[in-house]
Every structure is written in C-alpha cells, then in structure tokens.
Amino acid sequence: MAQAPRFEPLPADFSSAPAAAEESVLALWRSEDTFAHVQRARAGGEAFVFWEGPPTANGKPGIHHVLARTLKDTVCRWQSMLGKRVERKAGWDTHGLPVELEVEKQLKISGKPQIEAFGVAQFNAKCRESVWTYKDEWERLSERIGYWLDYANPYVTYDATYVDSVWYVLARMHKAGLVYRGKKVLPFCGRCGTGLSSHELGQPGVYKDIPDPSVYVRFVLAQQPSAERESLLAWTTTPWTLPSNVALAVHPEREYVRARVALPVPKGAAKGSAGHEILWVVAERAKVVLGEHEELGRKFGRELVGTAYVPVFDVAVPEVEPGAWKPDPAGSFKVYSAEYVTVDDGTGIVHQAPSYGADDWEVARRNRLVVRQAVGAEGRLLCDIAGAPEGAKFGPAVRGTFFKEADKALAKDLKNRGLMFKDSEETHSYPHCWRCSTPLFYYAAPAWFVRTTALKERMLEQNRRIRWVPGEVGSARFGEWLENNVDWNISRDRYWGTPLPFWTCGTCEHERSVEGAGELARLAGKLPENFDFHKPSVDTITLPCEKCGGTMRRTNAVLDCWFDSGAMPYAQHGFPHVKGSAEKLRDQFPASYICEGLDQTRGWFYTLHAIGAFMTLEHPELGDGPAYSTCLVNGLVLDKDGVKMSKRLGNIVNPWEAIAKHGVDAVRWYLVGSAAPWLPKRFDPAALAEVQRGFFGTLANSYRFFQEYARIDRFDPADARIPQVAARPEIDRWLVSRTQSLVADVRRRFSDYDLAGGARSIETFVVDELSNWYIRRNRRRFWKGDSGADKLAAFATLHGALRAVSLLMAPLAPFTAELLWRRLEPGRGSVHAQLAPVADERLVAPELERGVEVVQRVVTMGRALREKVGHKVRQPLRALHVRSSDTAALELLRSRFASELVLDELNIKGWGSLGADDGKLCRLTAKANFRTLGKRVGGRMKAVAARIEALDPAQLALLRAGQAITLELEGERIEVTPEDVLIAVESTASFEVETDGRFVLWLDLELDDALVAEGLAREAVNRINGLRKDSGLAVEDRIALELAPGDDTLRAALAAHEPFLAAETLATRVRFVAADALPASEAWDLGRGHTLRARLERA
RNA sequence: GCGCCUGUAGCUCAGUUGGUUAGAGCACCCGCCUGAUAAGCGGGAGGUCUCUGGUUCAAGUCCAGAUAGGCGCACCA
C-alpha cells in the first residue's frame, strides 16, 4: 500500500502574516519556474488570446493597476485551467510626450528650442533610458501580485522590429489612400509644440475649470451713418485672438437690432449726459447684453453681410499661407454670414480669427480670407501688440508673451481706446495638455491624418460584434464615440516617437510611404551602419523621387504614440517582416479578451479597433471581425470615502502597504469580489481586513482542522476503503452535492466574466456551508478513535470539498490556492497547472439540499425560541413540537437524518408532535400563489386572492391532500390546484412559540430530574474543558480528574453521567472527593444552586 | 446641453424572466460555544428600496419625469 500523504500544516503565521506565506509561494514558483511549466503544459491547447495593454514604465504603478492586473490575471488563469493556451506577452509603451516631458524635467530644460540646443540624438538617448525608470518596480509589483506575464519576451514599442511593423501598417494605410496631409485647426500645446488628437483630448483631467475673460468689443463701422458712433458688438473669451481678427460673422436668418445706448457716465452724473452710441447685436440678446436701450431699427444678418469695420488693433500681424486657398486681402474686416452662429450667448456677432478656430477656418476658406497669426506654434505672440499701463500687475502684450497672459494687456488697451463695451471674467472648462497641463489653444497647423471617417461604418459594424462587459460601454459610450468619429491626427512635431514613414519630394511634392527598413534600404541604396529608426538618424536618409528625380525627404513629424499601442496586435510579432510572424499573427488574432480601465475607451480600445478595422480589410486571413471579441472594462479606484485618489489630497493607497499587511490574495479578492468591476470602487482597508479574516481566515481554519486530524489518522485520499459517495452518510452526500453545485456555478460565472459573482459563491460555500455547517456538525466524526468507514467518508468528503475550493479559487487567489492545493494534493504540482473541476451531476442531490435548508431553518427558529424562553442549549429539553403546512418539509424533518441534526443542534430529546395541524394550537391560513395564479387569472387576481384567503378548513384539507378545488367567481369557474395556494400556519397558543408562517415551533419546557442531571453534567463538562484550556493542555491530552460536588444532588447527577463526562473531557480517571478536599480550586456556579470544584492533571 | 452608469439598513454591497413577509457582511446590542481556540456561532435591533407619476391583478425590478453623485461627449466664438 502506498504511503499515505503527509498533510502539511499551513505556515504558522498564515493568518497573522499572510504576506510571508505568499512570499514562500513566490519563491516556489521562481524555483520551479511554474509559469513556464504551466505554459508548456498548455502548448497544444486551443488559443485563448489575451493582449496586454502596454503600460509606460516611467511612472509608478498604483493600486488601480492592481485591480486591472488582477482582472487580467484571473481570466487568463481561469482560461488556462479550462485547458486553453493563454500566451501572456508583456508589453511596454515607450514613446511619446510623457517620456519627453520626463526627460525635459530631468535635464531641467523646457520646450523645443532647448531640446534642439541640447541635441536631438542625445535627447532621444535619454528618452530611451528614461522609459525604464520604473521597470523594476512594475515587474516587482506584477510578480508580487501574482500577475503572470511573460516579461522575458516583451514587446517594446521602440524596438526596431516593432517600429518596422508600425511602418508597415502606416504604409499600407497610405497606399490605401487613407493617409493625407492637411492643415487643420487642432487643439495645440504651445509648450510641447504639437497638435493633439481628439482622443488625447479625452484623457482624464484635460478639461479644467479656469477663469476666462469675457469681453464685449466694439467693432466700429468704417462708414459712420450718423454723428453718434456706431459699432458691431462682438463677444469673445479669447482676447488674444483679437489681433488676428480678419472678419465678423453673423447668422443670415437672425434679426439684428440697431440699438441706441447711453454712454457710461461718472458716478452721480445723469444718464445720457455723456452722450449716446449705436450698437448692433442680435435681437434675442439685446436686452441681456445692452440693458436699457432704444431700438432704432432691425436688419437680418444677411443684410449686414459686407459691412466694413475698422480693425481693433492697428498693428502689423504676420500673415500665413492657408494652403487650401488663395487669400484675397480685399475681403478683410467685413461681415460674413455663417450658419454656426448661435444666439445662446454672446451677441450673435462672432469675431473671426481663422487660425484659432475650426469654424473660423471654414468661414475663411469659403470667403478666401487672409489668415493672420499673432500667436505662433509656441503659443506666444509673434509681434508687439500692446503695452501694459504703468503700475499694472500684468505684463505687456509684446512679442514672446504667452497667449493666456496677453489677455489682460489687450483688454486694458481696448478699454483705454474706448473699444471695450463690457469686461468681466467667467469660469469655463478649458482644455489643457494631458501631460504638461499647459492650456491648449486651437491652432491651424500642418498635420498628417488617417481618414478613419472612411472606416466609420466598418468600425460601427465591428463594434456591434464585441462583447463589452458591461454592455453599455460598447453600445453607448464607444458607439457614440465612433458615430462622432473624426479623422485621426497621427502626427506630432516632436522627437521621441516612431518617425512617420512618409517621404515627400522637394521639387514636385510627390509623396510616398515606406513599408519598413528593408524597403528603405532598397530605395536609399543602403542604410548607414547601426541604422536606428529614430530621429535624427532617420532624417538623414533621402530618397530619389520616382516622379521627377528630385530629392525626397522624410516629413519631420513623429507618430502619435497611441498608434504604437494600437498596432501591437501586429507589431508585437514584427509582422510581416519577422520570419514566422504571419503565422503567429493568425494564431493570436483577434484577441479573445482585453481588459483595461474605462479611460481607455478613447485610448487603446479605440486605436486597436480603428487599426483593426483597416488591417482586417488589408488581410482577409485575419477574419472580418473586430480586433477583440471581449472587452472587460474596469472603473476607477477611489479612496474609502469615495474620493478620487490624488497626490494633492495624499489619499493615494500604496499597493505595497496593503499587500504587506493583508496579503495580496485578500487585496485581489476584495478588489474583484466587492462589486462589479466597472463600478467606481472604494478602497477601504477595514473591509480588506474583513475579507482576510472572514474568508481567508475561515478557509485556513477549515484546512487546519482537516490537516490536524488527517495527519493523526494518516488519512489517504487514495485509500480503497473509502466508501463511495452513495454509501456515505446523508450529511456527506449533502456536502458533496453542494460542492458539485458550487463547481457548476463558479464555472459558469468565471467563464461569463462574472468574477465577483464567482467569488461570492465560493465565499458563501466556504464560510456558511463548509465551515459553519459541515465541519461544525461533523467534528466528532474526526475525533473518534476508530478509523472505520464513517471516519474515512468524513475525511474524503471534507478533502474533496477543500480540493474543489482550492481549484476554483486559484484564478482569483493564486497564492492561497497554491498553499492549499500543494498540501491537499502533494506531489501533483501546481494548482495552476490543473484543469478546472467539472461538476458531476450524478452527485447532486436536490432533496438533501432541500432537507438541510429545512433543518437549518428549524434550528435557527429553535435557537431563537430557546433564547426567548431562557433555556440555554446546554440544558436538554424533552421535546420540540413543530407545526407546518408544508407536508414535504414535515416529511423531511421526520427522516432520521434531519431529526438527528435538529435535535442534536438544539439539544432536545425528541420530537413532541410533528404535524400539519391539530386544530388547537395553530390555525391554517391560505394565501394565493401570485406567481402561478397571476398569469392565469390576470385582472381577477385580487378577487381570487380574497376568495382563497377565505377558504374553509375543509377545502384546505382537500388542497393539502393534493386535490384541486373549483372557485366560482362571477359565474366563472376557476380551477385552483394545490400549487396555487400557499398554506401557512399561525399560532393560536397562549405560550411562547416561534413562527415564520411556514413553521410553528414550541418547546416542552418541563424538566424532570434526569434532564436536570444531564444539564448539570453538561455544565460541568463546559467548566472542566475551560479549565483544560486554561491549564494549557493539548487537545489530545488525557487527564485525571478530581471532582468535588457541592451537594449530593450534583454528585448523583455527575456520577450518573460519568462516562459522558469522562469522554467529553478526555478523562481517563474520574474521582469524586469531598467538597473540602480541593480547597485551592475555584468553585464553579453551575446554576440551580449547585457548585463544583475540580482539579485535573495530565494523565 | 446630450449620453451612459449609480442611488436598497449607520457603512460596503446582493436582489434572476415583475409575484408571498426585500437579503448578506461589517459595525451595534444581547447571548452562546470552547477538541478549528489570539478562533467560531446564534439572536436582536436597524429599510417610506432617492422622489413623483404611469403601466400592471401585482413594481426594488418595467416606462416617463424629477433629484443627487459618478463617468463620458459636446460647446466654450
């Protein structure tokens, strides 16, 4: 016979210091290389494709990363346990502004001129280093939280093979006609000197409320029709755009009023004493903007078109070539019509600065207006406009002033010159650069675009095939985003990024794309030694123009780094340039599952989707579906008061601290199990402690219990003498049945991405059913001396349940599961290499599960009743009486199994009466079963319900006997079956009962001498065992006991129950001595006036 | 302004296709147990299911509106 396994105890400090135990698991995984082993074991499995959204390693990971990574890890582990091959390639996002910004900070430089001065090559070298600042921290945390990822072979977005691949994607898009170069008004960051894409504008924290000026400016008519000065009144919140003004716009179909308004007067002077002026505003706004005024006339907007006015600033502002049209200087400083003008605020007259607004740009294009730029790409004035008055706290609006800072000086200047009608401040939400926080401005700059609008329908259609969890993120949020899709600005006038693979000819403007380093080498003749894709070396490569023979130079820009990460499905394999990458891509596309934060809707979720929509067209072998088929979205992690974590508030939870204190399994379990993943989550350390204690503590105790006795008895799960499940006692079959139900439930939920639901199911099972019911009920079976079939059955049942739990919890709590599994199944390797259990339907016993439910219900009521009547459970009582209308439940209670459970739990000698109704102590009441009847009788439900409540006992008896009865209602006959009537019992007794409508319970409270004696014996056992514990005895220590009862009744009672007493206290010898023989010991009060002294020693 | 989500006990959350008396954990109060023991268990108290209206025989659940919070979109001339 094989050696029985030694069930090792859990680490002694598992409950008090779980982190140490987890570290030991990590050490084991490291030494065994468990991850690699599991991956090898699944090498032949069907692929479950997971893509890791690449983090940037130049920032520290936080607690929200623990949530996201746990969700990723749990699903991957689960799928792996389903036998799937789950490749888990790590990835790093290494390009882009955030990196450059970090390096600028490091070098204590700021802005493009300083970078250029520092040297682009050196700057990019610094960037390449900087991206790894926190790589170790990321890897350490990922390892510590059990996030299994292949960090040995990550994809890195700056790697040559990666860039080579991204070039391929871009070049294919270019060849498909989807890439174009345009001049567009874009949100622009002056500090970074580059435009932002619309999804960068969607990053959290971009829109911030800041005070903006709100100014009403007079545009004085060039032709003054009367002696009183006449102006068009325009409103703006961006005075800095006024020097670049070239036109005004009005709505053609709106009415504008010519209003006579009193000029402002000094305090105390009569209104109008300073004279009047005439102002034009849209009719709807006249009252609000002008206040008291005299209406002199009205004109439609279209009638105002062509009206000329005097420029507000008489300075030479640089003009720029719009490119798309030839400007006509004669058109400047006139009124034009534009449909977009609204009357919700302002004056209905909109000042036009084409370079700084998309709508303005469009008006300028249609009317061939001149484009003036007083503010350049750095966000600073390109010429002197206005000085600051003496003593002003603000500076002048001179060349070099940052646009936001020019506002005050300009406003002051307008005021001094009498052109300011009204001047105030309003708080607006204003966009800021998502990384450097500089206020953005809209600016017309040349940029490269991907015509994603051409893919809109395809993206919408493919989106409908993605399973979003939760669904509304896809249907509403993402869908809406796609509906409003605009072309993707992929160019950034920066340094550290994938260079755009587009070359243009200086002579004939011919433009071409390059698919990768190979093609570049072919076109250029050869590439320099150690060719690097990055700036500046790539810019040294020129190509001969295939059209005119001129010289083609690469466009200066680099790629939006979001494109990098969106291209990871292809570039992580180096597709198509790396050998074998085509096969690899086909195997690993589309993703079965991705999971990131809600903020990625416009980030990675979009870029993957958009590029996927194109690549699946280019490469039909990739299928016609979306790039990913399931997307699990997780919400924000807030602090315990529901406040967003921020450095400023100091409420950031350090993941390391939480992990050190409670162990990462508790953190994982809490984060995933406490609520749906997409809901904002509060991180409450107190709740975390509760998870650790309540669930993990109980589970550990359950294992400890098993382990202790299994070891003593050398239990072997492979023992041939273990009875088949069918031959085990009911309570065992019950737990086996519940175990199977749990397996089925968790399988369904985990496979359905309902991780929280699965966690809850496991937790309920462990705490309520396994620990609090099964183990508590069956403790004695494990203690008893013999090693017979019953004991083996108990061991096997408990072992099976713990085994199932360790397997089911493995994806979510990988450490604890491993600790348990390795002890329960020594020599079988890692729990993570196992296949998930499959429920055995044949072992599910619904009648037993129902029976235990009934038992638990009656026991709970019985305990409440005992409490009510003041008899503690130690005092045995003669009988328990039960009344119920539920005949099936009564039948269950009568079974030996249930009877034993109930009577033992409640310490009662036997059933008193167990019946439906004796007509005296309780009464039956009937209620309609709305669920079954409702559908059938519909509108007559109320009447039927009333009739059922009024049924007489004879009819109830019929129903209880299983017969249907017929009700007459307004001439109609309604058949009522037993199922349609819910019969409840109600007590009519004058003494204490416990009832819940289903059962009525009462106790036989009469105590005879025998019951009292037994109660006393139990009291004695209780005290003696307390003493045992206080004396520091081990559980299996035998004792010699000396008892000194205070009176003869007690002496007789204890003597009568001596075998019981001895057995319960493990006394090998019990000796009764005189009361004064044990003077040193404490006298216990056993109640009813009895006292007892005792002494014990180890036998 | 528009869209989505959330609002259930003091706190954190469950609540299946509408159906009898809305549940759990924590905290609180009162007990119990003591061979899992620096654990464990039971009982009690605690709810106008945010509000209003509607559909329905029946609404925490469906519909409409309001309200509060969150997230997103748009506008911000």
Subject >> A/R704 side chain, from C-beta outward: closest of B/C13, B/U37, B/C71 >> reply: B/U37

**OP:** Tell me whether the OP1 or OP2 atom of B/U34 has a side-chain N or O from A/R1023 closer than 4.0 Å.
**Re:** no

Original post:
Taking the six-membered ring where the residue is Trp, are the ring centres of A/F7 and A/Y703 under 6.0 Å apart?
Top reply: no

Original post:
Under 30°, 30 to 60°, or over 60°: which ring-plane class applies to A/F706 and A/H799, parallel, tilted or perpendicular?
Top reply: tilted

Original post:
Would you write out the dot-bracket form of RNA chain B, 5' to 3', with Watson-Crick and G-U pairs under 3.5 Å, [ ] for crossing pairs, | for pairs to other strands and . for unpaired bases?
Top reply: (((((((..((((.....[...)))).(((((.......))))).....(((((..]....))))))))))))....

Where do N or O atoms of nucleotides 18-20 of chain B meet protein N or O atoms at under 3.5 Å, pair by pair?
residue, atom, partner, partner atom, Å
B/G19, O2', A/R931, NE, 3.3

Original post:
Centroid-to-centroid, A/W669 to A/F696, below 6.0 Å?
Top reply: yes

Original post:
Looking across every strand, which nucleic acid part, if any, lies under 4.0 Å from A/R863 by heavy atom: base, sugar-phosphate, or nothing?
Top reply: sugar-phosphate

**OP:** Starting at atom CG of A/L798, determine the distance to atom P of B/A36, rounded to an integer number of angstrom.
**Re:** 12 Å

**OP:** Please step through salt bridge (Lys or Arg N to Asp or Glu O under 4.0 Å) for the pair A/R777 and A/D904, ending with a clear verdict.
**Re:** CA-CA 9 Å; A/R777 279 304 318 164; A/D904 189 61; 2.8 Å; yes

Original post:
Taking atom P of B/C76 as reference, at what distance in whole Å does atom NE2 of A/H351 sit?
Top reply: 13 Å

Original post:
For A/S15, what residues pass the side-chain contact (heavy atoms from CB on, under 4.5 Å) criterion, not counting sequence neighbours?
Top reply: A/A700, A/R704

Subject >> Rounded distance (Å) that lies between atom C1' of B/G40 and atom CZ of A/F695 >> reply: 17 Å

Original post:
Mind checking the C1' distance from B/C41 to B/G25? Whole angstroms is fine.
Top reply: 15 Å

Original post:
For A/Q875, what residues pass the side chain to side chain donor-acceptor pair (under 3.5 Å) criterion, not counting sequence neighbours?
Top reply: none

**OP:** Tell me which of A/S771 and A/A864 sits closer to the 5' end of RNA chain B, going by the nucleotide each one is nearest to.
**Re:** A/S771

Original post:
B/C63 and B/A58: how far apart are their C1' atoms, nearest whole angstrom?
Top reply: 16 Å

**OP:** Indicate, with a heavy-atom threshold strictly under 4.0 Å, whether A/I349 touches base, sugar-phosphate, or nothing.
**Re:** nothing

Subject >> Gap in Å between the two C1' atoms, one belonging to B/G7 and one to B/G47, rounded >> reply: 14 Å

Original post:
Separation of A/W1084 atom CH2 from B/U34 atom P, in whole Å?
Top reply: 13 Å

**OP:** With C1' as the reference atom in both, quote the distance from B/A68 to B/C49 in angstrom, rounded to an integer.
**Re:** 16 Å

Original post:
Taking the side chain from A/R776 and the backbone from A/N772, do they hold a donor-acceptor pair closer than 3.5 Å?
Top reply: yes

Subject >> Between C1' of B/U12 and CD of A/E763, the distance in whole Å >> reply: 12 Å

**OP:** Treat primed atoms plus P, OP1 and OP2 as sugar-phosphate and everything else as base, then score nucleotides 22-29 of chain B 5' to 3': B for base contact with protein heavy atoms under 4.0 Å, S for sugar-phosphate contact only, - for none.
**Re:** ---SS---

Subject >> Whichever of A/V767 and A/Y442 has its nearest RNA chain B nucleotide further upstream toward 5' >> reply: A/V767

Subject >> B/G42 versus B/C33 - spacing of their C1' atoms, nearest Å >> reply: 10 Å

Original post:
For the side chain of A/N245 and the backbone of A/H351, is there at least one donor-acceptor N/O pair under 3.5 Å apart?
Top reply: no

Subject >> Of the listed nucleotides B/A14, B/U34, B/A36, the one nearest the side chain of A/N1022 >> reply: B/U34

Original post:
When rounded to the nearest Å, what value does the distance between C1' atoms of B/A74 and B/U12 take?
Top reply: 35 Å

**OP:** Kindly say whether the aromatic ring centers of A/Y356 and A/Y442 come within a distance under 6.0 Å.
**Re:** no

Subject >> Whole-Å distance separating the CH2 atom of A/W481 from the C1' atom of B/A74 >> reply: 12 Å

Subject >> N/O (side chain, A/N907) to phosphate O (OP1/OP2, B/C32) under 4.0 Å >> reply: no

**OP:** Provide, to the nearest angstrom, the distance between the CD atom belonging to A/E708 and the P atom belonging to B/U34.
**Re:** 18 Å

Subject >> Gap in Å between the two P atoms, one belonging to B/A14 and one to B/U8, rounded >> reply: 10 Å

Subject >> Candidates B/A36, B/C41, B/C32 - which lies nearest the side chain of A/N701 >> reply: B/A36

**OP:** Give A/A1063 one of three labels, base, sugar-phosphate or nothing, depending on what nucleic acid heavy atoms sit under 4.0 Å from its own.
**Re:** base

Subject >> Test side-chain contact (heavy atoms from CB on, under 4.5 Å) applied to A/T238 - qualifying residues, sequence neighbours left out >> reply: A/T236, A/W240, A/T241

Original post:
Phosphate oxygens OP1/OP2 of B/U34: is one of them under 4.0 Å from a side-chain N or O of A/R1028?
Top reply: no

Pull out every protein N or O sitting under 3.5 Å from an N or O of nucleotides 1-9 of chain B, one pair per line with the distance.
residue, atom, partner, partner atom, Å
B/G3, N2, A/R477, NH2, 3.4

Original post:
Taking only residues two or more places apart in sequence, or in another chain, which ones meet A/D980 in a side-chain contact (heavy atoms from CB on, under 4.5 Å)?
Top reply: A/T932, A/L933, A/R936, A/V976, A/T977

Subject >> Protein-nucleotide distance (A/R777, atom CZ; B/G42, atom C1'), rounded to Å >> reply: 14 Å

**OP:** List for me each residue that meets side chain to side chain donor-acceptor pair (under 3.5 Å) alongside A/N634, sequence neighbours excluded, and say none if there are none.
**Re:** none

Original post:
Considering only side-chain heavy atoms of A/S702, which listed nucleotide, B/A36, B/G43, B/C13, is closest?
Top reply: B/A36

Original post:
Can you list the residues that meet the ring pair (Phe, Tyr, Trp, His ring centres under 6.0 Å) rule with A/F705, with sequence neighbours excluded?
Top reply: A/Y709, A/F782

**OP:** Step by step, work out the side-chain hydrogen bond (donor to acceptor under 3.5 Å, both in side chains) result for A/S214 and A/W235.
**Re:** CA-CA 7 Å; A/S214 166; A/W235 175 65; 2.7 Å; yes

Subject >> Partners passing side chain to side chain donor-acceptor pair (under 3.5 Å) against A/E1019 (at least two apart in sequence or in another chain) >> reply: A/R874, A/R1023

**OP:** Using the test salt bridge (Lys or Arg N to Asp or Glu O under 4.0 Å), find all partners of A/R760 that sit at least two apart in sequence or belong to another chain.
**Re:** none

**OP:** Write down the distance separating the P atoms in B/G65 and B/G43, rounded off to the nearest Å.
**Re:** 45 Å

